[in-house]
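Everything below concerns the one structure shown next.
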Amino acid sequence: MKKFKRHLITSALPYANGPIHIGHLAGVYVPSDIYARFLRMKGEDVIWVCGSDEHGVPITLKARKEGITPQQVVDRYHELNKKAFEDFGISFDIYSRTSNKIHYQTASDFFLKLYNKGEFLEKTSNQYYDEEAKCFLADRYIMGTCPHCGNENAYGDQCEKCGTSLSPNDLINPRSTVSGNKPVLRETLHWYLPLDKYEPWLKKWILEDHREWKANVYGQCKSWIDQGLQPRAVSRDLDWGVPVPVKGADGKVLYVWFDAPIGYISATRELTPDWEKYWRDPETRMIHFIGKDNIVFHCIIFPAMLNAEGSFILPDNVPANEFLNLENDKISTSRNWAVWLHEYLEEFPGKQDVLRYALCANAPETKDNDFTWKDFQARNNNELVAILGNFVNRTLVLTNNYYSGKVPGRGPTNAYDLEVLEAVGKLKESVESNLDAFRFREALKEAMNLARLGNKYLADREPWKLVKTDPATVETIMNISLQITANLTIICEPFLPFSMKKLREWIRVGEFGWKDAGNTDLLPGGHLIGKPELLFEKIEDEKIDIQIEKLMLAKKANEAAAACVVPGKDTITFDDFSRLDIRSATILEAEKVPKTTKLLKLKIDCGLDTRTIVSGIAEFFEPRDLIGKQISIVANLEPRKIKGIESKGMILCAEDRDGKLVLVAPAGNVSNGSTIK
RNA sequence: UGCGGGGUGGAGCAGUGGUAGCUCGUUGGGCUCAUAACCCAAAGGUCGGGGGUUCGAAUCCUCCCUCCGCUACCA
């Protein structure tokens, strides 16, 4: 591995429209904190930057909804999250924010430099505009009827009912989700970063020069590059963000994904006048810690920006984690399905390390993992308390009992003693190489193995028996146990900083450096240690049950919200109604459309003729069960090709609250083609 | 739909061609310094499913099933 002079660590900027939860922590902030602490202990020159990402449409919408300004929204979450990180021991060198003046300056300059170099394409396009809200609408904020399946609640980028991806112009009867009004098309000018231009360079830089990146990261990059990169717009029509700093760009701001990663640079500038050393010197090793949803921005788009700008270094590695689930369900801010950091800190005071431990031990490094409160409890009670806390406690209690807290000298050692002493050094090496490779889970396990080693050593040597017969040997045993304890304060420090600080106080030592780990003479004979307290306490069932109960309440609240009947639609005239040609019909044939999950091809007799209708109901009905069934259809819907099959009309179904479909049929038998009115 | 990453004993995870491993849990035993903590041992897996390559496959190829991401909020 190349030896670097200094390190620049960045962690994904959390979006400032909600609080921090355990998913953020396990994916990004706990691993990066461990890594930063580890490097600092090694005496490396390292800075670690982060901050709130405060721009983008969702924040403006949240502000609108609550009747406050976007700035008030971001102020609220910036302060909340900054404090929560601090209290949790996340040791950023700076936690900045993208609404800072220095960020506006940095992002503007960055854009201008690319602009002046002629790196951007300028293009006009037609986009939907909400005249009432006076804003252009991002794809996701336009809803309308899906041209494929008739779902009236399809989004501008995708219909969730039939799964087809759409563009806003495909939607029938588009409406703005901001105001509910019909948006109009308006011409607008934007700047595009021509990613296709950087494709050959990216190909070499990632696919050849960074084969060591994690499989999930490398795989996703390869897939993007292989598919061919497209120019991406870097600006948006919005009044919240960094204004595009060129003439004629009124009402336009930099798109969040363009401005957010520049936030790493702004934060560094804010932190130190020496910032250029960290961003421009190839002797600096830059590492981006992110979650898997951010891979393409950090591995493709941001590097392309940096490369186009020309004066900055590129990331050496981007260790992205997968996602953490909570009690078998996706973590979701909007559904309140999360363990919020600020709440945890209040409800489990002084237990930062327990959560740090549980999240690191179960970090989603190679695949999505699940956090459960029972697992959290078990990790605390069976590992932190039983293995680490217990070893420390028995060592310190025995030392106090036998020697009134005075560290005994190490007398003669046997082969087993030497083996144990040697194992300490090996475990240190192992923790170190795992941390170097971003394998935090394995590193933590090895660190805990040091405590396991200690427990086994005590059990094998049984000083409580020997103390009556062979006090000299007991001195050696206790000396070695104390050296292991001192080593724990180093090796566990990156993972459990709060507890190791306590432990150092109890054994009355200062902070060691990482290089001291493996040294088995950290505590000289005669050194006086203090009285121990409990390093970790058992967590009883009641505390866990309260948390589980809290989640169940959130789930119930969600179900209650989902159970609300969808809002009624606008009044229509009788004329509008009578334009619909709804008829009874009978299904003659039914078969699945190959290579689809939801589509059935139906041949039906509707009285007028025998026709084919393709319908997205395959998940709810077996084709053979449908044959012979009488149903209701809209017969005069304009025909449309779906999967190459012409579909003439639409099957009427009632959709239940949970999305289940039920056929709408005449209650008694009628002849096919009977009109329904 | 496509692409990427997953699917391994009760739970959580390692393991990319050569006798299936770790942590926790379970069962039995030992110990009693220690927060009923610690130590030892055992039970428990046809490695998502089918087909193929190979002397040999969890590992390579192929088809399929399934979860997650790319795709609002969001790590």
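Because only heavy atoms are used, hydrogens play no part in the values below, and waters and symmetry mates are left out as well, while side chains stay in. In what follows, every chain begins at residue 1, and chains take the letters A, B, ... in the order their sequences are listed. The model shown is predicted, which means the values in this text are computed figures rather than measured ones.
You'll find that the side chain of A/K538 is closest to B/A37, out of B/G69, B/A75, B/A37. In the set B/G12, B/C68, B/A37, B/A37 carries the atom at the smallest distance from any side-chain atom of A/A386. The listed nucleotides are B/C70, B/A75, B/C39; the one nearest the side chain of A/P14 is B/A75. In the set B/C70, B/U32, B/U35, B/U32 carries the atom at the smallest distance from any side-chain atom of A/W464. For A/N455, whose side chain is taken as the heavy atoms from C-beta onward, the closest listed nucleotide among B/U8, B/C38, B/U32 is B/C38.
Across B/G9 and B/U32, the matching C1' atoms stand 33 Å from one another, rounded to whole Å. If you take atom C1' in B/U1 and the same atom in B/U23, they sit 41 Å apart, rounded to whole Å.
Remark: aromatic rings of A/Y35 and A/F438 are close, center separation under 6.0 Å. Here A/Y416 and A/Y457 bring their ring centres to under 6.0 angstrom of each other.
Using a 4.0 Å heavy-atom distance criterion, A/N381 is classed as making no nucleic acid contact. Across all strands shown, A/L25 has no heavy atoms under 4.0 Å from either base or sugar-phosphate atoms. A/L534 comes within 4.0 angstrom of a nucleotide base, judged by non-hydrogen atoms across all strands. Within the nucleic acid shown, A/F289 has no heavy atom closer than 4.0 Å to any nucleic acid atom.
Looking at heavy atoms from C-beta onward, A/V318 lies out of side-chain contact with A/I295 at the 4.5 angstrom threshold. Looking at heavy atoms from C-beta onward, A/E66 lies in side-chain contact with A/R76 at the 4.5 angstrom threshold.
The distance from atom CH2 of A/W340 to atom P of B/A75 is 10 Å, rounded to the nearest whole Å. Atom pair A/F371:CZ and B/A11:C1' shows a separation of 15 Å (rounding to whole Å applied). One interatomic measurement links the two molecules: NZ of A/K374 to C1' of B/A11, which rounds to 13 Å at whole-angstrom precision. Distance CG (A/D368) to P (B/G6): 11 Å, rounded to an integer number of Å. For A/K468 and B/C33, the NZ to C1' distance is 10 Å, given to the nearest whole Å. Atoms CG (A/N380) and P (B/U35) sit 16 Å apart, rounded to a whole Å. Atom CD1 of A/I295 is separated from atom P of B/G6 by 11 Å (rounded to the nearest Å). Counting to the nearest Å, the P atom of B/A36 and the CG atom of A/N390 are 9 Å from each other.
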Q: For the pair A/K543 and A/E540, evaluate salt bridge (charged side-chain N to carboxylate O under 4.0 Å, His left out) and give the outcome as yes or no after the intermediate values.
A: CA-CA 6 Å; A/K543 282 211 98 172; A/E540 302 301 333; over 6 Å; no
Q) Step by step, would you call A/V339 with A/H21 a side-chain contact (heavy atoms from CB on, under 4.5 Å)? A) CA-CA 5 Å; A/V339 176; A/H21 57 62; 5.8 Å; no
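Applying the 6.0 Å contact sphere to CD of A/E212 captures more than 12 heavy atoms from other residues, nucleotides or ligands.
Under the 3.5 Å distance criterion, with hydrogens and angles disregarded, no donor-acceptor pair is assigned to the side chains of A/R452 and A/N455.
B/G28: Watson-Crick or G-U partner is B/C40, with both key distances under 3.5 Å.
For B/C40, the OP1/OP2 oxygens have a side-chain nitrogen or oxygen of A/K456 closer than 4.0 Å. Close to B/C73, at under 4.0 Å from its OP1 or OP2, lies no side-chain N or O of A/K62.
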Q.
Return a single string for nucleotides 21-27 of chain B, one symbol per nucleotide in 5' to 3' order, where B is base contact, S is sugar-phosphate-only contact and - is none, cutoff 4.0 angstrom on heavy atoms.
A. -BSSS--
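The nearest heavy atom of RNA chain B to A/H24 and to A/G389 marks one nucleotide each, and the one closer to the 5' end goes with A/G389. Nearer the 5' end of RNA chain B, as judged by each residue's closest nucleotide, is the contact made by A/V296, out of A/V296 and A/L324.
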